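Structure first, then comments.
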Amino acid sequence: MSELRITGVAVDVVRWPLKMKRRHGVGDIEESMPGAVVKITTNASVVGWGEVSPWSVFTGTAEGNATGIHHYLRPLLVGADPLKISTLMRKIDKTLVGHTEGKAAVEMALFDIAGKHLGVPVAQLLGGYFRSHVPLSVSIANPDFDEDLAFAKRLVAEGVNIFKVKTGFSSHKEDLKRLERLRTDLPPTVDLRVDYNQGLDPWDAIRQIRDVESFRPTFIEQPVKRDQRAAMAAITRAIDTPIMADESVFSPAEAIEMVRGEIADLVSIKIMKSGGIVRARAIASIAAAAGITAYGGTMFQGGLALAAGLHMVAATPNIALGAEFYTSTWVMGVEILKSPIVIDNGMTRVPTGPGLGVDVDEDSVKRVSTTHFE
């Protein structure tokens, strides 16, 4: 056991202002988005930071996660050795069911402390850098499509080559029109993907997806609701384009179901829905063993959660389809990092400093904080 001890756990419920509207098959986002920021302090002045990035229609609520951390996890953490991450996370799972985003934030902060204490990046703690840059995938999700198309053209000029089109929130005819415009107006070399976010009914999904295939998408993500796994399997068998599971795979156990049921060809892995970096990598390992390649998904995340995701993807070879690590730059209206996540020529750069490799501007956290627990 180290002499390092946790001395405090603070949580701020935050309200992120948003620069643009986002529309998905499962729900819409505009103006602002709730989240939470976690700060864990130690007796050696080493501070770890984590971020809660939920969505009430997808995983959970910021308020519920923040309360869970403060009332149930803080008493367990204070006085503990922060380097015993596996032990603490096992105790946390026994103490609080669900709340995957809150657990992810606590684990993130513990990894941040461990990396800073040992003087190495989190990616090094996870086995080392397999990649130093992650191909950037940007979602086309603005209900004002002309605005989003102009946005995509600007990003293409800056080197971005992967775009994921959100579908299933409007009519099928409108989805096809948007895809046709993108294929016509963007360079033919652009890697176009499609994400229904559970927006299709199983009875009509195969017919509609066959129409979408004419636009040569690299993959089609989560066409039906998460529990409709038999429908996912039927679609995967019927469609030539690879089908990606997202909402259908939250946990390693569901990853095993994905493999056994052959419900998808690919899988989207997110720290928030899985409950942390370790569980996310377990999903990646199960997928890799079955020959299923993974994609780095995100929620509506600030720079802290993006940094954690970058370290995970950097150290996990099977997450090879790029990732959506751009929200703190182009979607969020407030940046809480002193030096933002670097996007360069269509790639997101993995931080290389100790821990998460980022510094938090606490004044910026206070600007967006709505409730403080300590």
Side-chain angles (χ1 to χ4, degrees), residues 1-14 35-54 62-97 99-126 271-272 275-279 301-305 307-308 311 336-339 351 353-374:
M1 294 179 65
S2 74
E3 295 181 0
L4 202 61
R5 291 291 179 272
I6 294 172
T7 55
V9 179
V11 186
D12 280 279
V13 179
V14 301
V37 175
V38 178
K39 177 183 180 182
I40 298 181
T41 54
T42 69
N43 59 347
S45 300
V46 179
V47 176
W49 292 90
E51 183 184 332
V52 178
S53 304
E63 298 81 2
N65 277 276
T67 302
I69 293 169
H70 177 65
H71 288 290
Y72 297 97
L73 304 188
R74 183 182 57 82
L76 183 154
L77 291 165
V78 172
D81 180 351
L83 302 186
K84 299 184 72 174
I85 298 174
S86 297
T87 300
L88 287 173
M89 294 309 297
R90 187 174 179 84
K91 289 180 179 178
I92 283 170
D93 277 337
K94 289 183 177 181
T95 302
L96 187 66
V97 71
H99 297 76
T100 56
E101 309 93 326
K103 293 174 181 178
V106 169
E107 185 205 58
M108 197 184 303
L110 295 175
F111 270 116
D112 194 26
I113 289 170
K116 289 172 178 174
H117 180 69
L118 299 171
V120 297
V122 168
Q124 203 64 48
L125 297 176
L126 300 175
I271 289 175
M272 291 298 143
I277 293 171
V278 171
R279 284 166 62 87
Q301 295 175 194
L304 273 170
H311 284 282
I336 64 168
L337 301 185
K338 293 179 180 179
S339 297
L356 293 176
V358 295
D359 295 315
V360 175
D361 182 342
E362 297 194 52
D363 289 336
S364 292
V365 175
K366 290 176 183 176
R367 282 175 55 200
V368 291
S369 176
T370 61
T371 309
H372 180 78
F373 297 101
E374 191 166 351

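The shown structure was predicted, so the numbers you read here are calculated from the model rather than taken from an experiment.
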- Message: I'd like to check the side-chain hydrogen bond (donor to acceptor under 3.5 Å, both in side chains) partners of Asp361; sequence neighbours left out, ordered by chain and number.
- Response: Ser364

- With no hydrogens and no angle check, do the side chains of Glu374 and His372 hold a donor and an acceptor under 3.5 Å apart? yes

- CH2 (Trp49) and CD1 (Ile113) are apart, to the nearest 0.5 Å, by 11.0 Å

- Message: Main chain of Val365, side chain of Ser369: is a donor-acceptor contact present, judged purely on distance under 3.5 Å?
- Response: no

- Between the side chain of His311 and the main-chain N/O of Leu356, is any donor-acceptor distance below 3.5 Å? yes

- Query: Just checking, any donor-acceptor pair under 3.5 angstrom between side chains of Thr41 and Thr7?
  - Reply: yes

- Within the side chain of Asp81, is there an N or O that forms a donor-acceptor pair under 3.5 Å with the backbone of Leu83? yes

- Which atom pair, heavy atoms only, marks the closest approach of Gly50 to Ala109? N-CB, 3.9 Å

- Item | Polar side-chain atom of Asn65 near backbone of Gly102 as donor-acceptor pair, under 3.5 Å | yes

- Note on the structure: By side chain to side chain contact (heavy atoms under 4.5 Å, CB included), Phe373 pairs with (sequence neighbours left out) Val11, Val13, Ala66, Thr67, His70, Thr371

- Ionic contact status for Lys39 with Glu362, cut-off 4.0 Å: yes

- Message: If I take atom OG1 from residue Thr87 and atom CG from residue Leu110, how far apart are they, to the nearest 0.5 angstrom?
- Response: 11.0 Å

- Quick check: does any side chain N or O of Glu51 sit under 3.5 Å from a backbone N or O of Gly302, one acting as donor and the other as acceptor? yes

- Any donor-acceptor pair under 3.5 Å from Glu107 side chain to Val278 backbone: yes

- Taking the side chain as every heavy atom from C-beta outward, state whether Val358 and Ser339 have any pair of such atoms under 4.5 Å apart. no

- Item | Arg367 bridged to Asp363 by N-O distance under 4.0 Å | no

- Minimum side-chain heavy-atom gap Val37-Val52 below 4.5 Å: no

- Query: Who passes side chain to side chain contact (heavy atoms under 4.5 Å, CB included) against Ala104, sequence neighbours left out?
  - Reply: Ile271, Met272

- Are the side chain of Asp112 and the backbone N or O of Gly357 linked by a donor-acceptor pair below 3.5 Å? no

- Query: Just by modelled atom types, is the Ile69 backbone N or O under 3.5 Å from a matching donor or acceptor in the His71 side chain?
  - Reply: no

